[in-house]
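In listed order, ligands and their atoms are each counted from 1. The shown structure was predicted, so the numbers you read here are calculated from the model rather than taken from an experiment.
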Amino acid sequence: METLNLIFLSAHNVIRWIVLILGIVLIVRSFLGWFKKWDYQERDKQLTSFFAGVFDMQILIGLILFVTKGWVGQLMNSAGEVMKTSFLRFFAVEHWILMIVAAALIHIGSAKIKKSSDSLNKYKNAAIWFTIAMILTLASIPWPGMAAGRPLLRFFGLVF
Ligand code: HEM
């Protein structure tokens, strides 16, 4: 179980950077496309489905960690104490709820992009929905220095 946890935790840590890089690239391209009135490009369509897919995978790994690292048990056995203690509350409640909201915004945004009939509205929807989702994601990551802070990079034994 320990090795499996380390594999999932390392994957969850590293994929966070892939999510952030993809999100930033998409947001920059969406604002450029919106203000420079680009024709919506196939590359943006592919990048958007890749971004949503990687984000969903991160959610799945997070849910696995939530169970295997004992957060369900903590909540069931001592919910009162968890809610009073900020670094416990972060993982038990705040982290996953905000990340699921961010994932929902990414999917709503993707659907709105598909439904938009012209390039301007596609880029506009991408810029707005993905920016809000990324702000939420950035705010919900356990950055070092926070009470529930975790390393910037974890890859098995390698921890920064
Ligand atoms: C439903 C969604 C999610 C759930 C349930 C979840 C759950 C978890 C859990 C249980 C941990 C480990 C806490 C511990 O050490 O005991 C964790 C750590 C972490 N999560 Fe999530 N997570 C979710 C989504 C995300 C997303 C979308 C991101 C970033 C894009 C993210 C970034 C991180 C990071 C950076 C860590 C620290 C990893 C480390 O310690 O090396 N999580 N998450």
Taking [atom] as the reference point, the nearest protein heavy atom with its distance:
atom	answer
atom 12 (C) of ligand 1	Leu9 CD1, 3.8 Å
atom 16 (O) of ligand 1	Trp71 NE1, 2.9 Å
atom 40 (O) of ligand 1	Arg154 NH2, 2.7 Å
atom 15 (O) of ligand 1	Lys69 NZ, 2.8 Å
atom 2 (C) of ligand 1	Ile59 CD1, 3.7 Å

Between Phe31 and Tyr123, is a ring-ring contact (aromatic ring centres under 6.0 Å, His included) present by the stated rule, with each step listed?
CA-CA 7 Å; Phe31 276 103; Tyr123 280 124; over 10 Å; no
At a 4.0 Å threshold, what atoms of ligand 1 neighbour a non-hydrogen atom of [X]?
X	result
Ile100	1 (C)
Phe55	27 (C)
Phe66	10 (C)

Check: [X] side chain, [Y] main-chain N or O, donor-acceptor pair, under 3.5 Å:
X	Y	result
Ser140	Met99	no
Trp143	Leu138	yes
Lys124	Trp34	no
Ser119	Tyr40	yes
Arg154	Pro151	no
Trp71	Val67	no

Holding to salt bridge (charged side-chain N to carboxylate O under 4.0 Å, His left out), I want the full list of residues that pass it with Arg29, two or more places apart in sequence or in another chain.
Asp44
Out of the candidates Leu63, Leu9, Asn5, only one should pair with Thr68 under the side chain to side chain contact (heavy atoms under 4.5 Å, CB included) rule; please name it.
Asn5
Protein N/O/S neighbour count - atom 21 (Fe) of ligand 1, strictly under 2.8 Å
2
Before we go on, tell me: are the rings of Phe91 and Phe66 under 6.0 Å apart, centre to centre?
no
Tell me which part of Thr137 gets within contact of ligand 1: side chain, backbone, both or neither, using heavy atoms under 4.0 Å.
side chain
